[in-house]
K.L.:
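The structure that follows is given in the form of structure tokens.
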Amino acid sequence: LPADRIAQRLAGTWEPTPESWARLIAEAAIDDDRSDQPYPFFLASALEQAVETLGPSEAWLAEWKWDGIRAQLIRRGDALAVWSRGEERLDGRFPEIERAALALPSGCLLDGEILAWRDGRPLPFNLLQKRIGRLRPGARSLAEAPVAFVAYDLLEFDGVDRRALPLDERKRLLASALQHAADPTVLLASPCIEADDWPALVAARDTSRSQGVEGLMLKRRDSAYQVGRKRGDWYKWKVTPFTLDAVLIYAQAGHGRRANLYTDYTFAVWDGDTLVPVAKAYSGLDDAEIARLDRWIRAHTRERFGPVRSVDAVQVFELAFEGIARSTRHKSGVAVRFPRILRWREDKPAAEADRLQTLQAMAGAGR
């Protein structure tokens, strides 16, 4: 059977029953749509080559790469559903989006991003995090972290699957559907970035952090909406990440095949003469480095706190991260996004690691 058909039949809530198994493996085409069923998400690939190698810039549509929760918004008949990319139902967590979507025409499915949003601009992701875990947010949460659904694709219109249409046509249908939104400040289209050539898009990308975004998305104007990560039609073109040198202070065992190795690390920077934790990371080292660091951790443990070990504060690592924002939830006063290890700085003493003031300055300059 076509893999895309299997992915579609598995999308959303799938219960392991004899009936659903028979439906899953049926060779004949069947009505695969349920009123609340999402489509499998189409995922972008990281742009790893020079952007000019993609060909003429006019063949590509450029949008901001938003830093939020990827989601599909479904309006079919009386049903309204919100699904995350991880196929989790988010109904009730963002009531302002659901109210705005009730006016959408029936048979409509949008793909987009849920963002903390105010006055036409995205807010830091850490504000959105406060809403994610609240199944029924109260008035205070709604006021402190208002949200919007920024739509960048339309997968279904008038009850018909439109994923095979070129992106430009889906964008026109999206604009038509959003005209019915009850609140255009809460349910809106992701703007396209107008640029005459690649250098103009490079210049736009360079303003990403001041816009509160992670970079640009590049999508072929004639691309269909596919299933999974199919390289060639959609690219994410992120800005160069932030970097800092931090000191390893805690380690914890990993999971799965790494359950017997210390692979989850906590890093700190200097605040005066004190090391303050600022990031946790568990990716970036190769197997040989992990094994060598594991041996070092076991030999230089200072204290144990359940599964966590504190270690001698002498090892320095260069970390990369995508964003930074001020946060009252963290002792350091800042929160970083997607930290990972770039390299083990065995050439650098711990006293030369970065200072908290450096991160605070980054947070003040933008995410």
Side-chain angles (χ1 to χ4, degrees), residues 4 7-8 10-13 32-45 60-76 79-91 93-94 97-98 100-115 117 122 128 147-181 184 186-193 213-214 216-230 232-236:
D4 289 1
Q8 176 59 33
L10 286 169
T13 303
D32 289 324
D33 294 329
R34 302 189 301 269
S35 62
D36 64 346
Q37 184 183 34
Y39 290 105
F41 283 82
F42 185 21
L43 307 177
S45 302
W60 295 83
L61 183 148
E63 301 173 289
W64 296 120
K65 187 184 184 310
W66 304 105
D67 183 16
I69 302 171
R70 179 88 179 270
Q72 289 182 14
L73 181 59
I74 301 172
R75 184 79 172 106
R76 294 190 184 117
L80 180 65
V82 183
W83 287 93
S84 74
R85 173 182 153 184
E87 297 194 357
E88 179 185 4
R89 284 289 289 263
L90 302 178
D91 304 20
R93 302 187 191 190
F94 306 103
I97 292 175
E98 294 182 42
L102 285 172
L104 290 175
S106 179
C108 181
L109 192 153
L110 312 183
D111 183 17
E113 203 93 2
I114 298 173
L115 299 162
W117 190 267
L128 184 61
V147 298
F149 187 92
V150 179
Y152 37 70
D153 215 325
L154 179 140
L155 314 187
E156 189 176 303
F157 192 69
D158 285 340
V160 178
D161 182 350
R162 309 286 179 163
R163 291 177 296 166
L165 291 178
L167 175 61
D168 275 344
E169 291 189 37
R170 300 200 307 274
K171 285 283 191 181
R172 285 192 284 272
L173 290 174
L174 174 63
S176 175
L178 289 176
Q179 289 178 356
H180 300 274
V186 171
L187 186 53
L188 61 152
S190 179
C192 298
I193 299 170
V213 299
E214 296 181 318
L216 295 184
M217 294 293 301
L218 301 175
K219 303 176 181 179
R220 287 192 184 275
R221 291 182 177 275
D222 62 355
S223 63
Y225 190 97
Q226 302 181 68
V227 174
R229 200 179 303 279
K230 305 290 177 62
D233 284 345
W234 284 20
Y235 288 100
K236 47 188 177 183

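These numbers come from a predicted model, not from an experiment.
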K.L.:
Starting at CG of L115, measure out to CD1 of I69 and round the result to the nearest 0.5 Å.
P.N.:
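CD1 of I69 is found 9.0 Å from CG of L115.
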K.L.:
For L73, run the side-chain contact (heavy atoms from CB on, under 4.5 Å) check against W83, F94, F149 and tell me which one passes.
P.N.:
F149
K.L.:
Could you tell me which residues satisfy side chain to side chain contact (heavy atoms under 4.5 Å, CB included) with A62, sequence neighbours excluded, listed by chain and number?
P.N.:
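If we apply the side chain to side chain contact (heavy atoms under 4.5 Å, CB included) test to A62, skipping adjacent residues, the hits are I193, L201, L218.
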K.L.:
Which heavy atom in A151 sits nearest to a heavy atom in L110, and how many Å separate them?
P.N.:
CB-CD1, 4.2 Å
K.L.:
Could you give the distance from CZ (R93) to CD (E98), rounded to the nearest 0.5 Å?
P.N.:
11.0 Å
K.L.:
Please check if the number of heavy atoms outside R220 that lie under 6.0 Å from its CZ is greater than 12.
P.N.:
yes
K.L.:
Using 0.5 Å steps for rounding, measure from the NZ atom of K219 to the CG atom of D233.
P.N.:
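Separation between the atoms: 11.5 Å.
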K.L.:
If you take all heavy atoms of P105 and C108, which pair is closest and at what distance?
P.N.:
O-CB, 3.1 Å
K.L.:
CD/Q179 to CG/L174 distance, rounded to the nearest 0.5 angstrom?
P.N.:
10.5 Å
K.L.:
Do W64 and P122 come close enough that some side-chain heavy atom pair is under 4.5 Å?
P.N.:
no
K.L.:
Quick one: are Q72 and D111 in side-chain contact, heavy atoms under 4.5 Å?
P.N.:
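A side-chain contact exists here, since the closest heavy-atom pair is under 4.5 Å.
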K.L.:
Go through the structure and list residues passing salt bridge (Lys or Arg N to Asp or Glu O under 4.0 Å) with R229, not counting sequence neighbours.
P.N.:
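Once residues adjacent in sequence are excluded, R229 has no partner under the salt bridge (Lys or Arg N to Asp or Glu O under 4.0 Å) criterion.
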K.L.:
Kindly give the heavy-atom pair with the smallest separation between V227 and A7, and that separation in Å.
P.N.:
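The answer is CG1-CB, 3.9 Å.
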K.L.:
Check whether any side-chain heavy atom of I74 lies under 4.5 Å from a side-chain heavy atom of P38, and answer yes or no.
P.N.:
yes
K.L.:
Do you know which two heavy atoms are closest between L80 and A101, and how far apart they sit?
P.N.:
CD1-CB, 3.8 Å
K.L.:
Is the backbone N or O of R163 less than 3.5 Å from a side-chain atom of D161, with the two atoms forming a donor-acceptor pair by type?
P.N.:
yes
K.L.:
Sequence neighbours excluded, which residues qualify as salt bridge (Lys or Arg N to Asp or Glu O under 4.0 Å) partners of R170?
P.N.:
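Result, salt bridge (Lys or Arg N to Asp or Glu O under 4.0 Å) vs R170: D153.
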K.L.:
For D168, enumerate each residue passing the salt bridge (Lys or Arg N to Asp or Glu O under 4.0 Å) test, keeping only those at least two apart in sequence or located in another chain.
P.N.:
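Counting only residues at least two positions away or on another chain, D168 forms a salt bridge (Lys or Arg N to Asp or Glu O under 4.0 Å) with R221.
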K.L.:
Rounded to the nearest 0.5 Å, how far apart are OG of S106 and CD of E156?
P.N.:
8.5 Å
K.L.:
So how far is it from L102 CG to I97 CD1, rounded to the nearest 0.5 Å?
P.N.:
12.0 Å
K.L.:
Parallel, tilted or perpendicular, judged at 30° and 60°: which one describes the rings of W117 and W66?
P.N.:
perpendicular
K.L.:
Does E113 form a side chain to side chain donor-acceptor pair (under 3.5 Å) with Y152? I'd like the steps, not just the answer.
P.N.:
CA-CA 8 Å; E113 203 93 2; Y152 37 70; 2.8 Å; yes
K.L.:
List for me each residue that meets salt bridge (Lys or Arg N to Asp or Glu O under 4.0 Å) alongside D222, sequence neighbours excluded, and say none if there are none.
P.N.:
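Partners of D222 by the salt bridge (Lys or Arg N to Asp or Glu O under 4.0 Å) criterion come out as none, since no residue qualifies.
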K.L.:
Under a 4.0 Å N-O cut-off, is there an ion pair linking D36 with R76?
P.N.:
no
K.L.:
Between the side chain of R70 and the main-chain N/O of R85, is any donor-acceptor distance below 3.5 Å?
P.N.:
no
K.L.:
Among residues at least two apart in sequence or on other chains, which ones pass ring pair (Phe, Tyr, Trp, His ring centres under 6.0 Å) with F42?
P.N.:
Y225, W234
K.L.:
What are the two closest non-hydrogen atoms of I114 and A71, and how far apart are they?
P.N.:
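Scanning both residues completely, I find the closest heavy atoms to be CD1-CB, 3.9 Å.
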K.L.:
How close do A181 and A103 get, counting heavy atoms only, and between which atoms?
P.N.:
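Minimum heavy-atom separation between A181 and A103: C-CB, 4.4 Å.
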